[in-house]
2 protein chains.
Amino acid sequence: MPKNCNFIEKLREVGLRPTKQRIKMCEVLYNREKTFHFTINDLVKMISEKMNEKISLATVYNTVHAFEKKGYLKEISIDSHKSYFDTNTSAHHHFFDEDTHELIDCDESDIDKINIRKNITGKKINSVEVLVRVASDNQNQK
Amino acid sequence: MPKNCNFIEKLREVGLRPTKQRIKMCEVLYNREKTFHFTINDLVKMISEKMNEKISLATVYNTVHAFEKKGYLKEISIDSHKSYFDTNTSAHHHFFDEDTHELIDCDESDIDKINIRKNITGKKINSVEVLVRVASDNQNQK
DNA sequence: AATCTACATTATAATAATTCTAAACTATTG
DNA sequence: CAATAGTTTAGAATTATTATAATGTAGATT
């Protein structure tokens, strides 16, 4: 994972001005070992914990959407009430734990390549995503 | 597709009281050739068009959720902003047209059965769903 | 058939997530 | 270093959904 100041370059490359807020958000999102999933709410908490200066909620929304548009983040649709985002922007599938509301990445080896036989005229396939919903395996659940 | 009065029976079978509102909603949802997809908003419009009496928004929400819980409806997650529901409650996959926001069912023959190799300890798989996002195939789009 | 009770419906208020607004600010260009 | 175009901000507005509490109704009990 890259060092802080590289983010300035990266932002510029995709045409986003490297503002103080965007750089801070990059640090929070990308200065880590592994990719991860978050909601806007999670992210706001993470930022306010890591920072002394505060950042406006509107900016978090703006920036997340700017990052998404530029391919820095991917939105995952699971739940109609919340937006989940993923710092892993490569094509991959997910498990969703319905007990904990935790989102887990699938490795490529977990699911075979999916072959779509249907064709919709004039339309091209943008993405193929599998969502595997799991829940606790108690026999005695209703 | 069944005639109106059967809905009273059906509702009773799953333990839902056959109220005037629920029967009306059954008619709107299930008295038709094909299954279909809708948002709560769509449904409210459809009901108000087909009825002379009005129905409360809260009742539409309550009833849709009651139907979902009893397996009369299935929720489809595509978009974080809206809840889509499907009167086709069997396990099946979807295409989502990102231009029109239209949801299209996949037939069983469109996608092979998906084999999940990963196992999450103590968890069972509740569902495996594929979402294929499509959009218009213009070369000259940005 | 009158009464009871638990469940349903309703209008409205409340909440939550997100977007809008318009003024102040700042990175970049010339 | 001034101009300008993009950015941030607080707060208001919007949208989707859920909660509330009073009223209504289905089905059971008498």
Side-chain angles (χ1 to χ4, degrees), chain A residues 5-28 37-48 51-70 72-73 75-85 101 103, chain B residues 5 7-28 37-48 51-70 72-73 75-85 101:
Chain A
C5 50
N6 292 6
F7 294 132
I8 296 177
E9 274 311 300
K10 291 230 164 191
L11 288 167
R12 246 193 285 256
E13 271 167 30
V14 298
L16 290 174
R17 285 189 182 171
T19 63
K20 196 171 54 183
Q21 292 83 348
R22 283 174 180 164
I23 295 164
K24 266 290 166 213
M25 281 182 59
C26 281
E27 288 171 20
V28 171
H37 307 106
F38 62 92
T39 64
I40 296 283
N41 201 23
D42 296 338
L43 185 55
V44 169
K45 270 187 205 146
M46 292 169 63
I47 294 168
S48 65
M51 279 176 60
N52 16 15
E53 278 176 84
K54 79 169 174 179
I55 185 170
S56 159
L57 181 60
T59 302
V60 178
Y61 274 98
N62 289 343
T63 306
V64 163
H65 289 138
F67 283 5
E68 192 200 356
K69 196 183 284 175
K70 297 300 185 177
Y72 278 38
L73 289 174
E75 188 171 3
I76 315 288
S77 294
I78 289 157
D79 187 300
S80 22
H81 318 6
K82 280 175 186 172
S83 279
Y84 287 77
F85 292 89
H101 284 203
L103 199 53
Chain B
C5 50
F7 294 132
I8 296 177
E9 273 312 300
K10 292 230 167 193
L11 287 166
R12 246 193 286 255
E13 272 166 30
V14 297
L16 290 174
R17 285 192 181 171
T19 63
K20 199 170 52 184
Q21 292 83 349
R22 282 174 181 165
I23 295 163
K24 267 291 167 214
M25 280 182 59
C26 280
E27 288 171 20
V28 170
H37 307 105
F38 62 92
T39 64
I40 296 283
N41 201 24
D42 297 338
L43 185 55
V44 170
K45 271 187 203 146
M46 293 170 62
I47 294 169
S48 64
M51 279 176 60
N52 14 18
E53 280 175 84
K54 77 169 176 179
I55 186 170
S56 159
L57 180 61
T59 302
V60 178
Y61 274 99
N62 289 341
T63 305
V64 163
H65 289 138
F67 283 5
E68 192 200 356
K69 196 182 285 177
K70 298 299 184 177
Y72 279 38
L73 289 174
E75 189 170 3
I76 316 287
S77 294
I78 289 158
D79 187 300
S80 24
H81 317 5
K82 280 176 186 171
S83 278
Y84 286 79
F85 291 89
H101 283 204

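Heavy atoms only: backbone and side chains are in, while hydrogens, waters and symmetry mates are out. Here is the naming used below: chain letters follow the sequence lines, and residue numbers restart at 1 for every chain. Computed from a prediction, not measured in an experiment: that's the story for all the values here.
Between B/Lys54 and C/dT9 there is no side-chain N or O to OP1 or OP2 distance below 4.0 Å. Applying the 4.0 Å criterion to OP1 and OP2 of D/dT17, one finds that B/Ser83 has a side-chain N or O inside that range. Contact annotation: B/Gln21 reaches the phosphate of C/dT10 (side-chain N/O to OP1 or OP2, under 4.0 Å).
Atom CZ of residue A/Arg12 and atom CZ of residue A/Arg22 lie 12.0 Å apart, to the nearest 0.5 angstrom. Within the model, atoms CG of A/Leu11 and CZ of A/Phe67 stand 5.0 Å from one another, a figure rounded to the nearest 0.5 Å. The distance from the CD1 atom of B/Ile8 to the OG1 atom of B/Thr19 is 10.0 Å, given to the nearest 0.5 Å.
Between the NZ atom of B/Lys69 and the C1' atom of C/dC7 there is a distance of 13 Å, rounded to whole Å. Between A/Ile8 atom CD1 and C/dA27 atom P the separation is 10 Å, expressed in whole Å. Taking atom CD1 of residue A/Ile55 and atom P of nucleotide D/dT7, one finds them 14 Å apart after rounding to whole Å. If you measure from atom CD1 of B/Ile78 to atom P of D/dA16, you get 15 Å, rounded to the nearest angstrom. Taking atom CD of residue A/Glu68 and atom P of nucleotide C/dT19, one finds them 10 Å apart after rounding to whole Å. For the pair A/Arg22 CZ and C/dT28 P, the interatomic distance rounds to 10 Å; values are reported in whole Å. Here the C1' atom of nucleotide C/dA8 and the CD atom of B/Glu53 are 15 Å apart, to the nearest Å. Straight-line distance from the NZ atom of B/Lys24 to the P atom of C/dT9: 15 Å, rounded to whole Å.
At a non-hydrogen distance threshold of 4.0 Å, B/Leu57, B/Ala58, B/Tyr61, B/His65 from residues 56-65 of chain B come into contact with DNA chain D. DNA chain C lies under 4.0 Å from at least one heavy atom of each of the following residues of residues 11-19 of chain B: B/Arg17, B/Thr19.
Of the two residues near DNA chain D, B/Lys20 and B/Glu75, the one whose nearest nucleotide lies more 5' is B/Glu75.
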Donor-acceptor pairs under 3.5 angstrom involving side-chain atoms of residues 37-46 of chain B: please list them, not counting sequence neighbours.
| residue | atom | partner | partner atom | Å |
| --- | --- | --- | --- | --- |
| B/His37 | ND1 | B/Leu103 | O | 3.2 |
| B/His37 | NE2 | B/Asp86 | OD2 | 3.1 |
| B/His37 | NE2 | B/His94 | NE2 | 3.3 |
| B/His37 | NE2 | B/Asp105 | OD1 | 2.8 |
| B/Thr39 | OG1 | B/Asn41 | N | 3.4 |
| B/Thr39 | OG1 | B/Asp42 | N | 3.1 |
| B/Thr39 | OG1 | B/Asp42 | OD1 | 3.3 |
| B/Thr39 | OG1 | B/Asp42 | OD2 | 3.2 |
| B/Asp42 | OD2 | B/Thr39 | N | 2.9 |

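Test B/Asn62, B/Val60, B/Thr59, B/Ile47 against B/Gln21 for side-chain contact (heavy atoms from CB on, under 4.5 Å) and you get one pass: B/Thr59.
The two residues B/Tyr84 and B/His101 have their closest heavy-atom pair at OH-O, 3.7 Å.
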B/Phe85 and B/His65: CA distance, side-chain angles, deciding distance, side-chain contact (heavy atoms from CB on, under 4.5 Å) verdict: CA-CA 10 Å; B/Phe85 291 89; B/His65 289 138; 4.2 Å; yes

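With respect to the salt-bridge test (charged N to carboxylate O, under 4.0 angstrom), the residues B/Glu53 and B/Lys20 qualify. Comment: B/Glu13 does not engage B/Lys10 in a salt bridge, judged by the lack of any side-chain N to carboxylate O separation of less than 4.0 angstrom.
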